Colleague: 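Pasting a structure here, questions to come.
Small disclaimer: the values here were computed from a predicted structure and weren't measured. Numbers restart at 1 for each chain; the letters A, B, ... are given by sequence-line order, proteins then strands.
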Amino acid sequence: MLYQAPRGTQDILPADRPYWRYVTGQMHAVAALFGYQQIDPPIFEETALFVRGVGEGTDIVDKEMYSFQDKGGAEITLRPEFTAGVMRAYIENGMHVWPQPVKLYSIGPIFRYERPQAGRFRQHHQFNVEAVGELDPAVDLEVMTVAWTLLTRLGYRGLSFQLNSTGCPVCRPAYRAKLVEYFRAYEDRLNEVDRRRLTINPLRLLDSKEEAAQPLLNDAPHSADYLCDECADHLARLRGYLETLQMPYAINFRLVRGLDYYTKTVFEIWAEGIGAQAAVCGGGRYDGLIEELGGPPTPGIGFGMGIERVILSLKEQGIAAPALPMPRVQISPLGDAARNAAVRLTYDLRTAGVGALLAFGDRSLKSQLKSANKADVAYTVILGDQELASGVVVVRDMAGGEQTNVPLSGVIDWLRGRLSRSRFAPARSVIGRVTDPPGA
RNA sequence: GUGGCCAUAGCUCAAUCGGCGGAGCACCUGGUUGUGGCCCAGGAGGCUGUGGGUUCAAGCCCCACUGGCCACCCCA
């Protein structure tokens, strides 16, 4: 093969399109339900924005960015996440004078230079939600509820949140010191990977999967025990709201997230059965980020959801997507004179809003009907030279095979009448109601 | 960036010890002068991922590259 899609990228083929339409359609719908408006920041930004926003020392900045110099010498990076770009847009467009919080969502591609794996790609797509300008923990709850509602609508059952608080610049240093102190005592029992973490990013030790570290983790100090009053109160109120809504969650003191900007609330939602990349949604609060990027001190919270991972796990759970609408009629001409009339009829049907296919080439009727069958149309209009002469076409109902003679001049109305009841219904619907998947 | 497994038709996979590359599905045609689905017959489709090496002979053995899967790192 001369050319292949670059490593970690893939073609999203027509066969997968029902899932993409289904999932992104629900994303738009749920965002609207909660009052979030769509924003599309550019796919690439100045490299410095991500370095500053995501943070030097994070894996994303240190080794995963697609960075290059453009012809004018500008340092450019394909976005490795949405948040930094959306916050830049918030500042640049003066959104701090809008009614707060400003509630935004985005859908689009994300780029990270990583070794691909099941559920991990160099180009993937995210649904990203941000609520900027409000510190109330009810906003945390709302943002989490957007993710919850979406996944529930898509057909997931038995979901639960992983929740933690990573504190803030006031209380985190003390906790971090406590953690380092604890692990230092057992340093000889840690392997090389974890020892490196101890100096670079001690919080990450908490979600270590190294065998040697496991016995130490349960007794490690919990961040929740070292929160300042403000952070403790924030977490307590968020938990209260979650309980009001009876939304299942687990406090996971080992949940720490890799981006520098998180403060207070961090959360994830996991899906089973898609391998090591189980986190289908992850996010948290970033109260210092906008100031860091040169804007006024502004709190914010958001999450990213991996669309490929959502689709993978939907398939894993046996949840089908509704079929996409396709033409319900095929026109099958026989003979040169008839073909001319068929071209006219096909165009007129489409103009009238009836999806129609024209059988191309000088093929036998048998062959044309085979194609019609594969295209899964409801009706085939047979328009031969005989029909052209008599002005009456044969309309074949593909389900039962009955044929009806219909005047050529009235066939559009005839078809429209027959199809009107089901015109927008998918030809091959594989799922009835989106809230009631098979097996639920 | 590290480690393990892998790469044969569009797809899923066979091919004995290194000895003339096959099947199913899908596609096309025919079985009916102008009638689909099921069935039957036939056809087309391959530089065995790429480039080297060993050998009388390589899909099979060796090396490199590219890509995939799995795990790590990290993340959605």
Side-chain angles (χ1 to χ4, degrees), chain A residues 1-10 13 15 54 57-64 80-83 107-129 147 191-194 196-197 200-201 204 207-211 255-259 267-271 274-283 302-313 330 332-335 338 359 361-387 393-403:
Chain A
M1 207 159 314
L2 202 48
Y3 297 110
Q4 290 171 275
R7 180 165 218 191
T9 68
Q10 55 185 344
L13 298 171
V54 178
T58 61
D59 275 23
I60 288 181
V61 168
D62 288 353
K63 52 180 209 188
E64 295 178 1
E81 58 129 41
F82 267 111
T83 305
I107 294 174
I110 293 293
F111 304 86
R112 289 183 199 168
Y113 188 87
E114 299 182 274
R115 283 277 287 260
Q117 214 174 305
R120 174 192 287 170
F121 311 95
R122 289 187 170 182
Q123 175 180 341
H124 77 280
H125 297 74
Q126 284 188 17
F127 172 53
N128 187 260
V129 167
N191 65 19
E192 196 187 334
V193 179
D194 281 337
R196 207 172 60 232
R197 285 192 176 115
I200 295 171
N201 194 344
R204 296 226 63 92
D207 69 349
S208 171
K209 283 151 202 138
E210 301 296 322
E211 192 83 26
L255 177 65
V256 288
R257 297 182 47 75
L259 288 72
F267 69 94
E268 289 186 356
I269 299 175
W270 295 345
I274 58 171
Q277 274 63 49
V280 85
C281 167
F303 69 80
M305 186 180 288
I307 297 178
E308 282 84 352
R309 286 189 189 173
V310 167
I311 290 174
L312 261 176
S313 68
Q330 175 174 297
S332 292
L334 293 164
D362 189 24
R363 298 162 60 208
S364 68
L365 180 59
K366 175 191 174 106
S367 164
Q368 296 190 38
L369 284 170
K370 274 190 179 175
S371 303
N373 194 51
K374 275 164 203 146
D376 200 34
V377 297
Y379 297 98
T380 297
V381 176
I382 299 168
L383 209 183
D385 289 341
Q386 293 168 30
E387 286 76 14
V393 297
V394 175
V395 181
R396 181 177 178 87
D397 182 330
M398 296 303 288
E402 315 83 52
Q403 302 196 151

Colleague: Tell me, for nucleotides 39-44 of chain B in 5' to 3' order, what letter each nucleotide earns: B for a base near a protein heavy atom under 4.0 Å, S for only sugar-phosphate near one, - for neither?
Modeller: ------

Colleague: Students often get this wrong, so: under 4.0 angstrom with heavy atoms, is A:Phe303 touching a base, only sugar-phosphate, or nothing?
Modeller: nothing

Colleague: For A:Tyr379, enumerate each residue passing the ring pair (Phe, Tyr, Trp, His ring centres under 6.0 Å) test, keeping only those at least two apart in sequence or located in another chain.
Modeller: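 Partners of A:Tyr379 under the ring pair (Phe, Tyr, Trp, His ring centres under 6.0 Å) test: A:Trp414.
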
Colleague: With a 3.5 Å cut-off and heavy atoms only, can you find an N or O donor on one side and an acceptor on the other between the side chain of A:Arg115 and the base of B:G1?
Modeller: no

Colleague: Using the closest heavy atom to pick a nucleotide of RNA chain B for each, name whichever of A:Leu383 or A:Ser371 lands nearer the 5' end.
Modeller: A:Ser371

Colleague: Write down the distance between CD (A:Gln117) and C1' (B:C70), rounded to a whole number of angstrom.
Modeller: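 Going from CD in A:Gln117 over to C1' in B:C70 covers 7 Å.
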
Colleague: Just so I know, are the side chains of A:Thr380 and A:Met398 near enough to count as touching, which here means a heavy-atom distance under 4.5 Å?
Modeller: yes

Colleague: A:Asp385: what forms a side chain to side chain contact (heavy atoms under 4.5 Å, CB included) with it, not counting sequence neighbours?
Modeller: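 Per chain and number, A:Asp385 pairs via side chain to side chain contact (heavy atoms under 4.5 Å, CB included) with A:Ala337, A:Ala338.
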
Colleague: Tell me: NZ of A:Lys374 to C1' of B:G36, nearest whole Å?
Modeller: 9 Å

Colleague: Report yes if a side-chain nitrogen or oxygen of A:Ser364 is closer than 4.0 Å to either non-bridging phosphate oxygen (OP1 or OP2) of B:U35; otherwise report no.
Modeller: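 So the side chain of A:Ser364 is outside the cut-off, no N or O lying under 4.0 Å from OP1 or OP2 of B:U35.
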
Colleague: Now, which nucleotide makes the Watson-Crick or G-U wobble pair with B:C25, with each of the two distances under 3.5 Å?
Modeller: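 The answer is B:G10, by the H-bond criterion.
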
Colleague: What is the distance from CD of A:Gln368 to C1' of B:C28, rounded to the nearest Å?
Modeller: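 To the nearest whole Å, that distance equals 15 Å.
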
Colleague: Strictly by Watson-Crick or wobble contacts shorter than 3.5 Å, is anything paired with B:C61, and which nucleotide is it?
Modeller: B:G53

Colleague: Measure from NZ on A:Lys63 to P on B:C72 and round the result to the nearest Å.
Modeller: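 Atom NZ in A:Lys63 sits about 13 Å away from atom P in B:C72.
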
Colleague: A:Arg122 and A:Pro116: which non-hydrogen atoms are nearest, and at how many Å?
Modeller: NE-CD, 4.4 Å

Colleague: For A:Gly283 and A:Ala399, find the nucleotide of RNA chain B closest to each by heavy atoms; which residue's nucleotide sits nearer the 5' end?
Modeller: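 So the residue in question is A:Ala399.
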
Colleague: When you measure from the side chain of A:Arg363, which nucleotide among B:G67, B:G1, B:U29 comes out closest?
Modeller: B:U29

Colleague: Would you state whether a donor and an acceptor, one from the side chain of A:Glu387 and one from the base of B:G34, lie under 3.5 Å apart?
Modeller: yes

Colleague: When we call it a touch if two heavy atoms are under 4.0 Å apart, what does A:Gln403 touch: a base, just sugar-phosphate, or nothing?
Modeller: base

